[in-house]
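These notes concern the structure reproduced below.
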Amino acid sequence: MDETADLLMAAARTLRRRFGAATARWGITPSQSRALRIVLAADEPIRLSALAERLHIVPRSATEVVDGLEGHGLVARQPDPADRRAVCVVATEEGVRLGRKIDKARQEAADEFLAVLPDSDRESLRTILVRLTADSLR
């Protein structure tokens, strides 16, 4: 039996745990960290519904995630200028600052996890993962 998928899932879980530990020091959950990264990557305020879609969660769950981020002063809600009934989310200065720290901590956790691989294997792994995830990144 080919255990490649199981090994890939185990590696992803291990890396996710490491990322969770990296974000825990700031008192935010992995879901909040992912949401903050999406908000920061948006060129403009992002609708709550679009955030939910990118997180692959229902809008009610996105509301809870944003509530937590807002409680930490990392994001703010504002009305959508195109549709006053819709709500947009934008990062605060503190959110931008913490987002940079989180990105650095995530990179350090990934580098530590992948340190057992020589550069050539890391590049091969990257190439394979890009090929495997190409459809999901569109």
Side-chain angles (χ1 to χ4, degrees):
M1 178 170 107
D2 183 5
E3 59 185 20
T4 304
D6 290 337
L7 291 169
L8 185 58
M9 291 297 291
R13 279 191 304 273
T14 300
L15 197 52
R16 187 172 291 220
R17 275 193 302 273
R18 288 174 183 240
F19 288 168
T23 61
R25 72 180 87 158
W26 294 292
I28 67 170
T29 67
S31 295
Q32 291 169 340
S33 174
R34 284 190 301 279
L36 181 59
R37 291 182 81 215
I38 290 169
V39 170
L40 289 169
D43 291 335
E44 55 192 26
I46 184 170
R47 276 190 177 188
L48 195 55
S49 58
L51 179 61
E53 185 176 313
R54 288 170 106 187
L55 289 169
H56 305 287
I57 59 177
V58 297
R60 176 69 191 130
S61 295
T63 298
E64 292 173 9
V65 170
V66 170
D67 285 346
L69 289 171
E70 195 172 36
H72 287 288
L74 304 175
V75 300
R77 286 181 170 92
Q78 60 186 42
D80 185 333
D83 181 356
R84 297 295 233 182
R85 297 168 296 170
V87 174
C88 288
V89 180
V90 62
T92 63
E93 285 183 35
E94 179 65 16
V96 171
R97 185 188 66 72
L98 184 60
R100 287 186 192 121
K101 287 183 176 182
I102 289 172
D103 282 348
K104 183 178 179 203
R106 284 173 49 91
Q107 186 62 55
E108 288 170 356
D111 288 344
E112 181 181 299
F113 178 65
L114 296 170
V116 298
L117 298 176
D119 289 344
S120 60
D121 285 354
R122 283 178 78 158
E123 184 55 35
S124 294
L125 177 61
R126 183 191 169 291
T127 300
I128 291 165
L129 292 173
V130 165
R131 189 176 310 152
L132 290 173
T133 59
D135 287 341
S136 67
L137 296 176
R138 290 185 196 140

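Note: hydrogens, waters and symmetry copies are ignored here, and every other heavy atom, side chains too, is used. The chain is numbered in sequence order, starting from 1.
Just one of E112, R13, E108 meets the side-chain contact (heavy atoms from CB on, under 4.5 Å) condition when paired with R18; it is E112.
One distance of note links CD of Q32 with CG of L98; it measures 10.5 Å at 0.5 Å rounding. In this structure, CZ on R84 lies 9.0 Å from CG on D80, to the nearest 0.5 angstrom. L51 CG to C88 SG: the interatomic distance, rounded to the nearest 0.5 Å, is 10.5 Å.
By the 4.5 Å heavy-atom criterion applied to side chains, R47 and D83 are counted as neighbours. Inter-residue side-chain proximity for V90 and V75 is flagged as unmet; no heavy-atom pair is nearer than 4.5 Å. Between V130 and R126, some side-chain heavy-atom pair lies under the 4.5 Å cut-off. Residues V87 and T63 form no side-chain contact, since every pair of their non-hydrogen atoms from C-beta on lies 4.5 Å or further apart. Annotation: side chain of Q107 is not in contact with side chain of D103 (no heavy-atom distance under 4.5 Å). In this structure the side chain of L69 never reaches within 4.5 angstrom of the side chain of V39, judged on heavy atoms. Contact check for R54 versus I46: side-chain heavy atoms found under the 4.5 Å cut-off. Counting heavy atoms from C-beta outward, T29 and T23 have side chains that stay 4.5 Å or more apart.
The hydrophobic clustering, which links ILVMFWY residues whose side-chain heavy atoms are closer than 4.5 Å, places V116 and L125 together. By the criterion of side-chain heavy atoms lying less than 4.5 angstrom apart, applied directly or through intervening Ile, Leu, Val, Met, Phe, Trp or Tyr residues, M9 is not grouped with L129; the two fall into different hydrophobic clusters. Note on I38 and V58: separate hydrophobic clusters, where clusters join Ile, Leu, Val, Met, Phe, Trp and Tyr whose side-chain heavy atoms are under 4.5 Å apart, directly or indirectly. Transitive grouping of hydrophobic side chains (ILVMFWY, heavy atoms separated by less than 4.5 Å) keeps L15 and I28 in distinct clusters.
Around atom CZ of R25, more than 12 heavy atoms belonging to other residues, nucleotides or ligands sit under 6.0 Å away. Within 6.0 Å of atom CZ in R16, 12 or fewer heavy atoms from other residues, nucleotides or ligands are found, so the atom counts as exposed in its surroundings.
Across G27 and H72, no two heavy atoms sit closer than the pair O-NE2, 3.1 Å. Minimum interatomic distance between E70 and A76 (heavy atoms only, all atoms of both residues): OE2-CA, 4.2 Å. Considering every non-hydrogen atom in both G99 and L40, the closest pair reads CA-CD1, 3.6 Å. A pairwise comparison of heavy atoms in Q78 and P45 identifies NE2-CG, 3.1 Å as the closest pair. Summarising the geometry of F113 relative to A11, their closest heavy-atom pair is CZ-O, 3.9 Å, with the distance given to 0.1 Å. Taking both residues in full, the closest heavy atoms of G73 and T92 are given as O-OG1, 2.6 Å, listed atom of the first, atom of the second, then distance.
For the pair R60 and E64, the salt-bridge criterion is met [side-chain N within less than 4.0 Å of a carboxylate O]. Taking a cutoff of 4.0 Å between a charged side-chain nitrogen and a carboxylate oxygen, R122 and D111 qualify as a salt bridge.
Judged by distance alone, the side chains of R34 and S31 do bring a donor and an acceptor atom under 3.5 Å apart.
Cation-pi geometry between R106 and F19 is met: the NZ or CZ atom falls under 6.0 Å from the ring centre, inside 45° of the normal.
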